[in-house]
Protein chains: 2
Amino acid sequence: MSPAAARQRIVDTAYQLFARRGIRDVGVNELISSAGVAKATFYRHFASKDELVLAFLEQRDRVWTVDLIVADARGRAGTPTEQLLAIFDVFGDWFRRDDFEACSFINILLEMGANHPLGRASIDYLAKIRGHVQQLAEEAGLRDAEDFSRSWHILMKGSIISATEGDLDASKRAQRMARMLIEDYRPRP
Amino acid sequence: MSPAAARQRIVDTAYQLFARRGIRDVGVNELISSAGVAKATFYRHFASKDELVLAFLEQRDRVWTVDLIVADARGRAGTPTEQLLAIFDVFGDWFRRDDFEACSFINILLEMGANHPLGRASIDYLAKIRGHVQQLAEEAGLRDAEDFSRSWHILMKGSIISATEGDLDASKRAQRMARMLIEDYRPRP
DNA sequence: CAAAGGGCAGACAGACTTGTCTGTCTGAGA
DNA sequence: TCTCAGACAGACAAGTCTGTCTGCCCTTTG
């Protein structure tokens, strides 16, 4: 096995387990067992469990935020405005997946608290998500893109919680409010 | 000490600790130590820690949902429509309290998962919150009050997460969208 | 061919967890 | 005064957690 293979296997396994079940519910023993890795190997690559969680958050940003949500939404529509709204179409499909596991950044933020290093890291990644929305808003020529993105993000996060409760149509509801929000932020003549 | 005093002290202490730090982070030993209660006394009143959590959720519904949010919002305004919007004024004050601890129902739902008994109980209490909103929507004469309350709840939950991230103006943003939502659900002639 | 290094398996330490159980003390009522 | 319920204190069991350390094996490289 290549030297980097073990590390990658650890991160990949962590992605599966942490995303679905949270941080505290997954112990190091279960993790290394699932990854087929010795404990010494794990601690050779990561100084602590928390450091692995940081690596997981980074992976989550790449795989979920960027590839799964933003790229998909951009590919589904032509204009930036339509791309913004397409976020909630992507959410609709995502909510219905049987491996839907909510937003790890929100989960970890609430699980660890806003003062914990992992909570703070989650806040940073949530801000990155808002950055993508802000970018689209600027492309769409909306007013006050930063402000807009904060309101938009409220809709995203709220609909995710509702979906966790079982409301699979939460994406439709959020999208309807999102349309109104776009109208509200259109440039005034 | 009266026989009920010990139980009440346990529940009161649990409220303080669970609301602020979540379930998993508070052990039974710390809890009984804080409450000044013997372990045997604790297990005389509660069959397990989970059963105490259920009692906490019930208390949270009474103290927080009903007394702190709904009653306050109703008292702040005259018409049902204004009372609805006042929810976010209450949120604005709540977000700024130094003991702001987010929504325990959301926290526990995400912490334990939607399939866990405590997660399911949290879902039920969240539904109760929607019920209050629905009641107000009906008093305001809005169309489709149940649907309306689901969208409204998205704004409430999303703004709470944003406040946890540090955006203290999330209540204002949510309120602005809430106004648009009310317009959208006004009875059509 | 030999040495070195990385990975695997798992024992181990020490600190936690929930929950049980034993014993002591206090206060109320007969 | 005697009794008894209930509270307190704390040892204890059984299992969890993270993190360290010791061997053994395999592969790669000098």
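Chain naming here is simple, since letters A, B, ... match the order of the sequence lines and numbering starts at 1 in each.
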J.: Students often mix this up, so state it plainly: with edges at 30° and 60°, are the rings of B:F91 and B:F88 parallel, tilted or perpendicular?
T.: perpendicular
J.: Test A:W64 against every option in A:W94, A:F18, A:F56 by the ring-ring contact (aromatic ring centres under 6.0 Å, His included) rule and name the one that passes.
T.: A:W94
J.: Is there a side-chain contact between A:Q59 and A:D12, using heavy atoms and a 4.5 Å cut-off?
T.: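 A side-chain contact under 4.5 Å exists here.
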J.: Between atom CD1 of A:I108 and atom CD1 of A:I23, what is the distance when rounded to the nearest 0.5 Å?
T.: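 A:I108 atom CD1 to A:I23 atom CD1 measures 3.5 Å (nearest 0.5 Å).
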J.: Is any side-chain N of the basic residue among B:D89 and B:R76 closer than 4.0 Å to the acidic one's carboxylate O?
T.: no
J.: Tell me: CD of B:E30 to P of C:dT18, nearest whole Å?
T.: 10 Å
J.: Atom NZ of residue position B:K49 - does it have more than 12 heavy atoms of other residues, nucleotides or ligands inside 6.0 Å?
T.: yes
J.: Using a cut-off of strictly less than 4.0 Å between a heavy atom of the residue and any atom of DNA chain D, enumerate the qualifying residues of residues 33-44 of chain B by number.
T.: B:G36, B:V37, B:A38, B:K39, B:A40, B:T41, B:R44
J.: In whole Å, I'd like the distance from the CD atom of A:E51 to the C1' atom of D:dG19.
T.: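 Rounding to the nearest Å, CD of A:E51 and C1' of D:dG19 are 14 Å apart.
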J.: Check the distance between C:dC16's P and B:R24's CZ and give it to me in whole angstrom.
T.: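 My rounded result for the distance is 19 Å.
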J.: Provide, to the nearest angstrom, the distance between the CZ atom belonging to A:R9 and the C1' atom belonging to C:dG6.
T.: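 From A:R9 CZ to C:dG6 C1': 12 Å.
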J.: In whole Å, what is the span from the CG atom of A:N29 to the P atom of C:dC16?
T.: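 Atom CG in A:N29 sits about 18 Å away from atom P in C:dC16.
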J.: Using atom CZ of B:F46 as one end and atom P of D:dA7 as the other, report the distance to the nearest whole Å.
T.: 12 Å
J.: To the nearest Å, give me how far apart CD1 (B:I32) and C1' (C:dC21) are.
T.: 14 Å
J.: Side-chain N or O of B:H45 less than 4.0 angstrom from OP1 or OP2 on D:dG6?
T.: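 Looking at the OP1 and OP2 atoms of D:dG6, neither is under 4.0 Å from any side-chain N or O of B:H45.
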J.: Grab the CD1-C1' distance between B:I10 and D:dG6 for me, whole Å please.
T.: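 These atoms are roughly 12 Å apart.
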